[in-house]
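What you see below is based on every heavy atom in this structure, not just the backbone, and it leaves out hydrogens, waters and symmetry mates. Order of the sequence lines fixes the chain letters, A, B, ..., with proteins taken first and strands second; residue numbering starts at 1 for each chain.
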Amino acid sequence: MPQNYVPIFIFIAIILILLPLTLLAAKLVRPENPSKTKLMPYECGIDPVSDSRGRYTVRYYIIAILFVVFDVETIFLFPWAVKFKALGLFGFVEILIFLAILIAGYVWVWKKGALEWV
Amino acid sequence: MPEETKPPSQSSPPGEVKPATEKPAATPATPAAKPAAPAKPAAPAPTPWDSPMIAKLKRSYGSGIEPLTYLGQHYMIVDRSLIPEILQVLRNEEQFDYCVDITAVHYPQREKQFDVIWVLYSFPRNERIRVKTLTKDGESLPSSIPLWAAANWLEREVYDMFGIKFDGHPDLKRILLPEGWKGYPLRKDYGILQQDNEWVQINLGIESGQ
Amino acid sequence: MHDLIQYVQSYLDPNVKVTPGAAGNMFWAFVYIMLVFLGLSVAVIAMNWLERKILAHMQVRLGPMRVGPHGLLQPIADALKLLLKEDLIPAGADSFVFWFAPFIVVLAAFCVFVVVPFGPQHAITDMNIGILFMLGVSSLSVLGVVMAGWASNSHYPLIGALRSSAQMVSYEIAMGLAVISAILMTSLNATGTGTLSMIGIVEAQKAQGEWFIFKFFPLGLIAFFIFAVAMVAETNRAPFDLAEAESELTAGFHTEYSGFRWSLFFLGEYTAMIAVSSIAVTLWLGGWLRPFPNLLNSPTWDTLFSYVPGATFLFLAAICFYNVARMPKHPYFRIQTMGLGAFGAALALIGLILFIPVVSVRVQDIFWFTAKVAGFQYLYIWYRGTFPRYRFDQLMHLGWKVLLPLGLGVLILTAGVGLLQIKS
Amino acid sequence: MPDPTSLSPLDLDTPDKTFLDANELIINMGPQHPATHGVLRVILRLDGEKVLGLECVIGYLHRGVEKIGENRTYAMFNPYVDRMDYVAAVSNGLGYCEAVEKLLAIEAPPRAQHVRVILTELNRLTSHQLWLGTHALDIGAITPLFYTFRDREEILKIFEKYCGARLTTHAFRIGGLQYETYSGFEREVKNFLAFFRPKIDEYEELLTTNRIWLERTRGIGKISAEDCIALGVTGPVLRASGVKWDLRKAQPYANYKNFDFEIPIGENGDTYDRYIVRMAEMRQSVRIIEQAVDALPEGPIMAKVPKVIKPPVGEVYHSIEAPKGELGYFIVSDGSTQPYRVRVRPPSFVNLQALDTMCRGQLVADVIAVIGTLDIVLGEVDR
């Protein structure tokens, strides 16, 4: 029933019209009086020491990669969950094998210390 | 950050403080030399202090130290040249393991203008003493950071306020006043309303801070 | 036109079950979109006021008292203030990304409501992948947060953004696992197939006669608990509000935002709170079902429960009137007293309308759903008043080393128990 | 003892590369930051969120208190000391008055001593309450702040009734007290103690066994007793590291030797122990106040002090146990009406030095916790 998806687009369209409209309305009434100091990035009242868009520590990216791995595998579980009763024991064993692989990877990641923060 | 402040003015001799542009409202308490003791007959005066520790120190350093007691508080006036050794001995042998304070007093009339004072405390002995030495303007003292890590900021403050340098201090720069400030405020020739107007004008963009 | 009238008529007839969002039912979709916008705006304003009041009373103070009776108009005054406030884009910022980031946050939070069923016939649309859509859309907001932090070109927002991205992403997995165990429960009915449709999930709970939180006790409860923790982390609320930890990062990812643009983040945050609570209510707490659907299912009980919405509003009105009576009898307070009286009268009127059987049959589903979501909102406020803030590594530890294994375990156990039930 | 070379400055102009070419991040925390308890600027050098080192920049609140002291008479300088540690103004005043009294070789009469102890201990309670509220707020628990402020209010009311001021009280004079206690003073103090005892339990109930609180404070900002002594750290921070040292016992001043109380100590020297120690100190303060009120003697409240205070030539160092640690006054007299030199040894200033040692290798969030647990007041750090 693809018709059921249509309201999503109406919804998004309405938001995308309404929000800029309100912003525009705000623009009409609000003061606009920028100065150099006001436009400085906030660094507790001190001029920033260094540019903040440098390379950042790798740990956050490790988390991102782990997320991709685990989340994709989670998605594979959804069809099984929906058809759980129909698939019965066969599906259960099958998914256990699948999860075993996942858990093995998880244990390996844990042992490697990728889940330790510092 | 360093960019916004002027380079430190350590090149100019500490004695040449820029005269105050404003008239000092209250003239600093002029110390008439080391003023004579008040006329009261019963005025307490420091008395010599004796203890086993002092006896030991006296044996090794002789007349270089002058131990005194005043109002029940012990202190010793130590010759400038003996300071490194005495502090070392007090810290390592006599168990004065806690450096309470380092400070200075300025006597502009004297030839040796500064009293530098270490207030020391010993946890094992529960005893507090002061070590005092006289030093000339421009002379530096050894840093006691290797003995007490606490000396770090305390020495910086003495430097900031009096301009007394400490050799071997890893980071001797101003601590309470901004970097690049001229003059040492706790010297007696620095008026109470005096300030580094030049610094204020350059860094704050105002005529005067007063 | 004829069709339209027919749809309206068919909808008003309680005996005809028209699935919302079914082909040609665009009219009702549109009506519900408008209702959702209106409802959410009111809910966010109410949340704002309630959060301040409830927190204030937890902290032995009064909270807003000046604007309107008991500060009722404070959120509106604040909204006006934000509208009239200067809105700056920092000099080094990437202005398009900076401009666009709050939209994504708001969009992600709002879009969840496309599939939220407020009742069997009260929903914008019903999709066969409803829950997947919800999970997907709600996690989009992390994009907005990262964009906001990166575009600001400032240290604190950057750290805030990176923190919140890692955090939201980490709890996503535990959340997904908890959801899967609920989906698994839906398949344990007579037809033998589960569903991802939000309406279908509630219908399954109705058919099985128990809310999933109580199913396979305590497995359902644990899954719900995992979801409940993860959803607080997902919405960046205390005690997981590290992305905007004001004592560390001043304001986190939205430090550089001001004025109306900032208020969009605020709107997004509160909407997201309501959104994830709606998911939790739908999955575990029986959605629109009234309490004890299986135990007390005689018509008498049905009638009695249908009076609860009206009674609740009358009770709220009574509180208002009580406070009117307590107001100081001084000319200074006259307008405030009258305002509070009018508010109470409005509530009483709504309550009385809700006693009309035709209305109450239609509306009680929405009432129960809203009441459950409101319970979650209270929990959110309560957490904020009680808990200190987690540190980042502890948060990661909790997400990856506690909730993830717990989620996997619960999933496997639920499957096992479910299998035993099928066999027997 | 901390390695002296580790005290060298951070090279702030050239961020290093760390693991996988990531940049070190140099961040200013303060002076305008919600959790630095005033205008403290901490320059953090971060690898991700891990603190590689930090440097404190202070002096934003420098008012030259010591210079002012040289230009005021002894009595005129008395109110100025209240403005240093403004949350424990009474303690500052006690230290200053006692130092000058020592220089004059006089002693305040017993009744004045008792009232001084009562007010000073009440002030210790307010200081610790403020610490608890803000410390908990820094760690994210917003509610204790309001509870502690609610109860602190009761103490401030007593101060206000006694001397007309709530925060910078100027409660004591050189030689004793200016004001006799108001009628009902004892009763009100006792009522307060009865009111306050269960409140300490209430604070503890909120935090002591709270899991998140434990995780956020246990093992955080550890400092050993040796490091504490080397760095000159005093007060509850030192005691939490296991050193049973309190000037009220070690070198009793006022008439603390007449009161029965204990020195609570910790074991690990972490943030949690400091929390526990301060909580226990509050209970001990309540004990001291109770004894002092019960044994409040009758008699004069002012010693024989000359109209014009002119101490003989000489110098004296006197220190007391302020809520934050050892507060010392070094006063040099040249026989005139104005001190020749007043040196204040502020506990916060020296304690703050330990921040770097305590924070290295921990996370940004812990820096906040440690600043909170050091309990600094910038008015005192900068003077």
Side-chain angles (χ1 to χ4, degrees), chain B residues 1-2 25-32 34-38 40 43-46 70-73 75 97-101 103-107 115 117 119 121 123 126 128 130 132 145-154 157 160-161 170-171 173-178 185-186 188 190 192, chain D residues 1-5 7-9 12-13 28 55-59 62 64 66-68 70-72 102-103 105 226-227 229-234 243 245 250-251 310 312-319 326 328 330 332 334-341 343 345 349-350 352-353 357 381-383:
Chain B
M1 283 326 292
T27 40
T30 35
K34 186 105 166 140
K40 262 191 264 171
Y70 182 62
L71 297 171
Q73 298 187 340
Y75 64 101
D97 45 4
Y98 164 32
C99 176
V100 181
D101 200 3
T103 188
V105 186
H106 186 210
Y107 297 98
D115 279 1
I117 295 136
V119 184
Y121 179 83
F123 280 100
N126 187 18
R128 201 187 287 281
R130 295 199 298 272
K132 186 154 119 181
I145 292 183
L147 303 174
W148 302 282
N152 186 359
W153 284 18
L154 296 169
E157 197 185 342
D160 191 3
M161 294 294 160
D171 185 26
K173 61 179 183 197
R174 291 201 178 264
I175 184 164
L176 292 178
L177 293 175
L186 279 183
K188 287 289 175 185
Y190 196 97
I192 190 167
Chain D
M1 165 153 179
D3 174 21
T5 53
L7 304 169
S8 60
L12 294 173
D13 299 325
N28 268 302
E55 191 184 338
C56 291
V57 180
I58 58 173
H62 179 60
E66 293 173 12
K67 188 79 180 174
I68 293 171
E70 294 173 9
N71 292 277
R72 294 285 176 274
K102 207 158 198 175
L103 208 52
E226 293 78 52
D227 284 359
I229 292 170
L231 284 163
V233 173
T234 44
V243 180
W245 187 77
Q251 299 190 335
K310 263 183 154 178
V313 180
E315 53 189 47
V316 73
Y317 176 88
H318 181 70
S319 62
E326 175 175 346
F330 177 67
V332 181
D334 59 354
S336 70
T337 53
Q338 298 174 337
Y340 188 71
R341 167 102 170 91
R343 157 72 184 169
R345 189 266 183 206
F349 177 79
V350 184
L352 188 57
Q353 277 196 78
T357 316
V381 174
D382 295 343
R383 281 156 293 144

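- Heavy-atom distances place the side chain of D/Phe330, and not its backbone, under 4.5 Å from chain B.
- With values rounded to the nearest 0.5 angstrom, D/Tyr317 atom OH is found 5.0 Å from B/Arg128 atom CZ.
- Listed for the D/Lys67 side chain is a donor-acceptor partner under 3.5 Å among the backbone atoms of B/Pro185.
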Residue pair D/Phe349, B/Asp101: steps toward the side-chain contact (heavy atoms from CB on, under 4.5 Å) verdict: CA-CA 11 Å; D/Phe349 177 79; B/Asp101 200 3; over 6 Å; no

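- Interface residue B/Leu186: backbone and side-chain heavy atoms are both found under 4.5 Å from chain D.
- Heavy-atom distances place both the backbone and the side chain of B/Val105 under 4.5 Å from chain D.
- Of the atoms belonging to D/Val243, it is side-chain heavy atoms, and not backbone ones, that fall under 4.5 Å from chain B.
- What you find for B/Leu176 and D/Val381 is that their closest heavy atoms are CD2-O, 3.9 Å.
- D/Trp245 and B/Tyr98 are not linked by any side-chain donor-acceptor pair at a separation below 3.5 angstrom, with hydrogens and angles left out of the test.
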CA sep, side-chain torsions, deciding dist, call: D/Ile229, B/Trp148, side-chain contact (heavy atoms from CB on, under 4.5 Å): CA-CA 8 Å; D/Ile229 292 170; B/Trp148 302 282; over 6 Å; no

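- For the atom pair CG (D/Asn71) and CD1 (B/Ile192), the distance works out to 3.5 Å, reported to the nearest 0.5 Å.
- Between the NZ atom of D/Lys102 and the OH atom of B/Tyr70 there is a distance of 12.0 Å, given to the nearest 0.5 Å.
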Verdict with supporting geometry, B/Ile117 and D/Arg343, side-chain contact (heavy atoms from CB on, under 4.5 Å): CA-CA 11 Å; B/Ile117 295 136; D/Arg343 157 72 184 169; over 6 Å; no

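- Contacts with chain B were tallied for D/Val350, D/Thr234, D/Val233; D/Thr234 has the most, counting heavy-atom pairs under 4.5 Å.
- Of the two parts of D/Val316, the backbone and the side chain both hold a non-hydrogen atom closer than 4.5 Å to a non-hydrogen atom of chain B.
- We find the CG-CD distance between B/Asp97 and D/Glu226 to be 10.0 Å, quoted to the nearest 0.5 Å.
- For D/Ser319, the part lying near chain B is the side chain, with the backbone staying farther off; criterion is any non-hydrogen pair under 4.5 Å.
- Expressed to the nearest 0.5 Å, how far CG of D/Leu231 lies from CH2 of B/Trp153 amounts to 10.5 Å.
- Residues D/Tyr340 and B/Lys188 approach most closely at O-NZ, 2.7 Å, considering heavy atoms.
- Only the side chain of D/Glu326 comes within contact range of chain B, with at least one heavy atom under 4.5 Å from a heavy atom of that chain.
- A salt bridge does not link B/Glu157 to D/Arg345: none of the charged nitrogens lies less than 4.0 Å from a carboxylate oxygen.
- Annotation: the span from B/Lys132 atom NZ to D/Glu315 atom CD amounts to 3.5 Å, rounded to 0.5 Å.
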Derivation of the side-chain contact (heavy atoms from CB on, under 4.5 Å) call for D/Arg341 and B/Thr103: CA-CA 10 Å; D/Arg341 167 102 170 91; B/Thr103 188; 2.7 Å; yes

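- Annotation: maximal heavy-atom pairing with chain D below 4.5 Å, among B/Val100, B/Ile175, B/Leu71, occurs at B/Val100.
- The minimum heavy-atom distance linking B/Gln73 with D/His318 is given by the pair NE2-N, 4.3 Å.
- Residue B/Ala150 comes nearest to D/Gly232 through the heavy atom pair CB-N, 3.6 Å, listed as atom of the first residue, atom of the second, then distance.
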